[in-house]
Asker: 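Take a look at this one; I'll ask things after.
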Amino acid sequence: SDGSLLDLNLTKIHIEKLRELKKRIWGLSDHSLKIIIGKKENINMYILTVCNKFYVNYLNFVYDLPIGDKIKQGLKEPLLLNLSKNKNYIKSFLYRGLFDTDGSYSKKSSTISFWSQSNILIEQTKNFLKDLNINFTFKRYEIKISSQSYKKFIELIGSSHERKLKTILNRLSIPPK
């Protein structure tokens with residue numbers, strides 16, 4: 001999860017809540033859950049690591065989440081999401097998490113962006129946004145959603161990240177130019 005220097009505590013709170021949730025649901029110990037703070041240029045980045053074979057194998061089997069380098073192995077939507085009758089509703093939670101962790105909600109440029117080196121995941125994200133009729137632009141590894149689509153984005157995908165949700169709600173209160 002990323003954060004800005006001004007809102008470091010919100011990001012830290014977000015990752016600590018996730019840590020406690022994993023402890024409670026999975027019964028994981030403090031020893032198997034570690035929060036790592038980024039170094040130098042990434043000082044505002046927090047990483048939650050889980051060291052538990054059963055948990056990792058579960059994510060690999062049920063959600064098709066690769067073990068090891070997710071970029072080289074082609075990170076993608078879990079196939080399980082396509083089994084639901086209302087798959088766009090279910091997929092919206094996946095994309096909410098992706099935009100909350102690997103997305104940026106700009107205060108100045110009035111865009112929401114998502115960045116990934118996984119070509120498969122980028123293509124699936126573009127297709128999902130098209131299915132929801134959310135307008136976006138794409139360049140190399142980055143998808144950008146302009147402020148004209150903020151309302152539709154927040155209604156159909158949303159955010160669970162306090163700081164990012166505040167940014168988008170503030171942006172929605174600014175009338176279009």
Asker: Does the side chain of L156 come within less than 4.5 Å of N88's, by heavy atoms?
Answerer: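 They are not in contact (no side-chain heavy atoms under 4.5 Å apart), so the answer is no.
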
Asker: Say whether, by atom type as modelled, one donor and one acceptor occur between the side chain of S149 and the main chain of I145 under 3.5 angstrom.
Answerer: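 Pair absent, no side-chain N/O of S149 close to backbone of I145.
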
Asker: Looking only at non-hydrogen atoms, find the nearest pair between E77 and L94 and report the distance.
Answerer: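 In terms of heavy atoms, the two residues are closest at CG-CD2, 3.8 Å.
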
Asker: If two hydrophobic side chains count as joined below 4.5 Å and joins carry through other members, does I25 share a cluster with F61?
Answerer: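 Per the 4.5 Å side-chain linkage, I25 and F61 are co-clustered.
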
Asker: Given salt bridge (charged side-chain N to carboxylate O under 4.0 Å, His left out), test D30 with R19 step by step and report yes or no.
Answerer: CA-CA 9 Å; D30 286 334; R19 181 179 187 267; 3.3 Å; yes

Asker: Surrounding NZ of K34 (heavy atoms of other residues, nucleotides or ligands, distance under 6.0 Å), is the total greater than 12?
Answerer: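 Check passes, neighbour count above 12.
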
Asker: For a quick test of your reading: what N or O donor-acceptor pairs under 3.5 Å do the side chains of residues 131-141 make, sequence neighbours left out?
Answerer:
none

Asker: Starting at CG of D102, measure out to OH of Y95 and round the result to the nearest 0.5 Å.
Answerer: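 So the gap between those two atoms works out to 12.5 Å.
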
Asker: Do K76 and L121 have side chains that get closer than 4.5 Å, going by heavy atoms?
Answerer: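 When only atoms from C-beta onward are counted, L121 and K76 do not touch, as no gap falls below 4.5 Å.
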
Asker: Do S113 and I143 touch side chain to side chain, with heavy atoms closer than 4.5 Å?
Answerer: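 In short, these two side chains do not touch, never coming nearer than 4.5 Å.
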
Asker: Judged by atom type as modelled, is there a donor-acceptor pair below 3.5 Å linking the side chain of N127 to the main-chain atoms of E123?
Answerer: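 Confirmed, N127 side chain pairs with E123 backbone.
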
Asker: Do V62 and L80 come close enough that some side-chain heavy atom pair is under 4.5 Å?
Answerer: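 Sidechains of L80 and V62: in contact.
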
Asker: Hey, can you tell me if F114 and F99 have their rings parallel, tilted or perpendicular (30° and 60° cut-offs)?
Answerer: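 Taking F99 first and then F114, their aromatic rings sit tilted (interplane angle of 30° to 60°).
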
Asker: Measure the CG-NZ distance between L129 and K152 for me, rounded to the nearest 0.5 Å.
Answerer: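 Spacing of CG (L129) from NZ (K152) equals 11.0 Å.
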
Asker: Atom OG of S118 and atom CD of Q124: how far apart are they, to the nearest 0.5 Å?
Answerer: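 That separation rounds to 7.5 Å.
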
Asker: Salt bridge check: are K17 and E162 linked by an N-O gap of less than 4.0 Å?
Answerer: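 Yes, this pair counts.
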
Asker: Are side-chain N/O atoms of N52 and S32 paired as donor and acceptor at under 3.5 Å?
Answerer: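 There is no such pair (donor and acceptor under 3.5 Å, judged by atom type) between the side chains of N52 and S32.
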
Asker: Among residues at least two apart in sequence or on other chains, which ones pass ring-ring contact (aromatic ring centres under 6.0 Å, His included) with Y89?
Answerer: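 In terms of ring-ring contact (aromatic ring centres under 6.0 Å, His included), with neighbours along the sequence ignored, Y89 is linked to F93.
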
Asker: For the atom pair OG1 (T125) and CD1 (I120), what is the distance rounded to the nearest 0.5 Å?
Answerer: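 Between T125 OG1 and I120 CD1, I get 11.5 Å after rounding to 0.5 Å.
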
Asker: With rounding to the nearest 0.5 Å, note down the distance linking CD1 in I15 to NE2 in H161.
Answerer: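 The NE2 atom of H161 is 8.5 Å from CD1 of I15, to the nearest 0.5 Å.
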
Asker: Is the shortest heavy-atom distance from the side chain of T167 to the side chain of I112 under 4.5 Å?
Answerer: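 With C-beta onward as the side chain, the pair stays apart.
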
Asker: Evaluate side-chain contact (heavy atoms from CB on, under 4.5 Å) for I154 paired with L165, printing each intermediate quantity in order.
Answerer: CA-CA 9 Å; I154 209 69; L165 192 55; 3.6 Å; yes

Asker: Determine the minimum heavy-atom distance between S159 and K164, stating which atoms define it.
Answerer: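 Scanning both residues completely, I find the closest heavy atoms to be OG-CB, 4.0 Å.
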
Asker: Quick one: closest heavy-atom pair of V56 and V50, and the distance?
Answerer: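 It is CG2-O, 4.3 Å.
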
Asker: For the CG atom of L33 and the OH atom of Y55, what is their distance to the nearest 0.5 Å?
Answerer: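 If we round to the nearest 0.5 Å, L33:CG and Y55:OH are 8.5 Å apart.
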
Asker: So K144 and W115, do their side chains get closer than 4.5 Å, heavy atoms only?
Answerer: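 Not touching, per the 4.5 Å side-chain cut-off.
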
Asker: With E20 as reference, evaluate R24, K23, K22 under the salt bridge (Lys or Arg N to Asp or Glu O under 4.0 Å) test and give the passing residue.
Answerer: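 Among R24, K23, K22, the one meeting salt bridge (Lys or Arg N to Asp or Glu O under 4.0 Å) with E20 is K23.
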
Asker: Tell me whether W26 shares a hydrophobic cluster with L21, the cluster being built from Ile, Leu, Val, Met, Phe, Trp, Tyr side chains joined at under 4.5 Å.
Answerer: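 Yes.
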
